[in-house]
Amino acid sequence: MATERTLSIIKPDATARNITGKIVDKLESVGLRVVAQKRARWSEADAQKFYEVHKERPFYNDLVAFMTSGPIVLQVLEGDDAVAKNRAVMGATNPEEAEAGTIRAEFAENIERNSVHGSDSPENAANEIALCFSDDEIVG
Ligand code: CMP
């Protein structure tokens, strides 16, 4: 197994409920290490750029509005197979389909207010990490 890095975002629905620590605990419990972390409030331009891949999707404008509605916590997670491991512990995008014990099954409110984002491939992880962090903010 290769050591990888992936980008994680704790979304505004979760920061509003003060459950950042509960989510980090879930991530750490599967062996992921937080090697960078910062709290931020995205501008509309930040959210539009990050989710550009979804620009043509019907939920794009709502997604941008939601992701700018409150603070978020951006993280770089490191570990063996970090991309897949993070996606497994997050659970399905729609919490109604998320496996028991996953972050979204336990904490997400609905498909939009789904508490966390995680990169979906090593290639996207590298791009998302570069978009959100400078090299000197990542301490492995
Ligand atoms: P995320 O992993 O951050 O990637 C895109 C986000 O769009 C997704 O999580 C959801 O929060 C949001 N979203 C809203 N509606 C949908 C939908 N119908 N299908 C997929 N993602 C959606």
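As the structure lists them, so they are numbered: ligands from 1, and atoms in each ligand from 1. All residue numbers in this chain count up from 1 along the given sequence. As the structure is a prediction and not an experimental result, all values here were calculated from the model.
- Between the side chains of T68 and E44, no donor N or O sits under 3.5 Å from an acceptor N or O.
- Annotation: cation-pi pair K22/F107 absent, no NZ/CZ under 6.0 Å from the ring centroid and within 45° of its normal.
- Listed by first and then second residue, the salt bridge (charged side-chain N to carboxylate O under 4.0 Å, His left out) pairs that reach into residues 65-80 are R5-E78, sequence neighbours excluded.
- Listed by chain and number, residues touching ligand 1 at under 4.0 Å (heavy atoms only) are K11, Y51, H54, F59, L63, T93, R104, I111, E112, N114, H117.
- Applying the salt bridge (charged side-chain N to carboxylate O under 4.0 Å, His left out) rule to pairs touching residues 48-70 yields nothing, sequence neighbours excluded.
- Residues in residues 102-115 take part in these salt bridge (charged side-chain N to carboxylate O under 4.0 Å, His left out) pairs, two or more places apart or across chains: R17-E109, K26-E106, E109-R113.
- For the residue pair D13 / S115, a side-chain donor-acceptor distance below 3.5 Å is found, with atom types taken as modelled.
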